[in-house]
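The shown structure was predicted, so the numbers you read here are calculated from the model rather than taken from an experiment. Below, read A as the first sequence line, B as the second, and so on, with proteins coming before strands; counting in each chain starts at 1.
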2 protein chains.
Amino acid sequence: MAKIRNPPTPPPVPLSRERILHAALHLADEGGIESLSMRKLAQKLSVKAMSLYNYVTNKDDLLDGIVDKVISEIEVPSLATDWQLAMRQRATSAHAVLLRHPWATMAIVSRVNVGSAMLHYVDATLGCLREAGFSVEMADHAWNAIDNHIYGFTLQELNFPFEATEYSAVAENYLSSIPVEHYPYLNQLTHHVIEGRYDGIHDFEFGLELILSGLDRFRHPT
Amino acid sequence: MAKIRNPPTPPPVPLSRERILHAALHLADEGGIESLSMRKLAQKLSVKAMSLYNYVTNKDDLLDGIVDKVISEIEVPSLATDWQLAMRQRATSAHAVLLRHPWATMAIVSRVNVGSAMLHYVDATLGCLREAGFSVEMADHAWNAIDNHIYGFTLQELNFPFEATEYSAVAENYLSSIPVEHYPYLNQLTHHVIEGRYDGIHDFEFGLELILSGLDRFRHPT
DNA sequence: TAAGTTAAGCTTACACTGTAAGTCTAGTCG
DNA sequence: CGACTAGACTTACAGTGTAAGCTTAACTTA
């Protein structure tokens, strides 16, 4: 008696690294990176978990893959334009991409990223700064300063526990845990938000411009 | 027949929230936050995992607790001194504390922190800026800009995969994956590091000074 | 003193996780 | 035809947080 275990439809479409990464990216975008498990990912691809390991060496490799996919969405600075404009565009694009993939910033800053998209992204950034008259060393410092802002700002923004529009309303509930006699300045800030005198929204460009303006004097003419 | 299960020595010292948080902090410092499990923590306290739940509502509560302990180590800015000096000291202290607890920065930026140490820390920061002549709104922006740098810089620093002293030596191994025809500028930077023309070490104060200098013009006289 | 209550430890169990190890099956090649 | 291989699979293990309920000793009150 023939032992037929499966009808001969292993997957509708054959598995591939690309298909796996694509599905993983979607899963992470939907439910955050902590809800991206090998079993759930496999299920989404109509496959069993261990089959994924034919295309991905382990979960770290998978995460490296989707992080690099995210990085590749960032608009890379061109060498042609004014360096401040180019850096502003780069930062704005990165910020937008990171907001589209709310799990990604944490992943980026907590792992070593040497995917080809990341290398290209960094190279173009350094190149733009070098061509603008920064030394090798200063270009590295400038790049670091800008990225600190991008990652730091985005993480704090994503971590903010309510929507900007509801901030004013929600702030009122928190007021009781910020008594004026213990936290006078924080209490004052909260009052300003409640009363609509300040919307409490942080501006990505504010810190960015501080850095870009400050960097200009470190160029030396070519 | 009396049913004696345990010799009457449940723990050598009675459990307490403080003792649990203290042990948890040590465990996290030693092995990172991912190696801090309720079972390991309990074992370290000569107790079983579920006993911890008499003092801690769940693991999130535990993490909130140790994060706030870390925050409490940061030197809070005084209202008396020059605002730039005070902010510089605050940032430097925060940076040092975060390096002492390498897991902490990620924990801070990935959860909502409303422990008393955090509230006090934020209040003192806002106060210093307000007294220096920043408006409520500007103080909030300034605080945010500075913290973006602190968290962004520290995360990138902690994520850097080798020690500063070995950087030059290790860079040589990576050179082959950064071919000059694909990544000319990154390749050049790497060469500078290998040849000792640049140590490749990022400076916490560099970005910080950019921000502090830029902020000054946003004060308005009292 | 007896009874009742509570605090603070405990065991067990469940639904998850990543992945090592080994197995089955269909297809290709010599 | 026989061997090999690619690509799916099953099973199993050691770990996770924590819900549910049990045990025992100490304290409180009648």
Legend entry - A/K59 NZ to A/Y53 OH distance, which is reported to the nearest 0.5 Å: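 Those atoms lie 8.5 Å apart.
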
Inset, instruction - Find out whether A/D147 and A/T125 are in side-chain contact, i.e. whether some heavy atom of one side chain is under 4.5 Å from a heavy atom of the other. - result: no

Legend entry - Heavy-atom neighbours of A/H22 NE2 exceed 12 at 6.0 Å: no

Of the candidate nucleotides [options], which contains the atom at the shortest distance from the side chain of [X]?
X: B/S37; options: D/dG17, D/dC9, C/dT17; result: D/dG17
X: B/K48; options: C/dC10, C/dT17, D/dG7; result: C/dC10
X: B/M50; options: C/dT11, C/dG9, D/dA8; result: C/dT11

Legend entry - Interatomic distance where CD belongs to B/Q43 and P belongs to C/dG9 [whole Å]: 17 Å

Inset, instruction - Indicate, with a heavy-atom threshold strictly under 4.0 Å, whether A/L62 touches base, sugar-phosphate, or nothing. - result: nothing

Inset, instruction - Look at all strands and tell whether A/Y55 reaches a base, only sugar-phosphate, or nothing, counting heavy atoms closer than 4.0 Å. - result: sugar-phosphate

Legend entry - Quiz item: B/R39 side-chain donor-acceptor pair to D/dG15 base, under 3.5 Å: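 Looking at the base of D/dG15, it does not pair with any donor or acceptor on the side chain of B/R39 (distance under 3.5 Å).
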
Legend entry - Donor/acceptor link under 3.5 angstrom from B/N54 side chain onto base of C/dA7: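 A donor-acceptor contact between them is absent.
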
Inset, instruction - Report yes if at least one side-chain N or O of A/S51 is closer than 4.0 Å to OP1 or OP2 of D/dG7; otherwise report no. - result: no

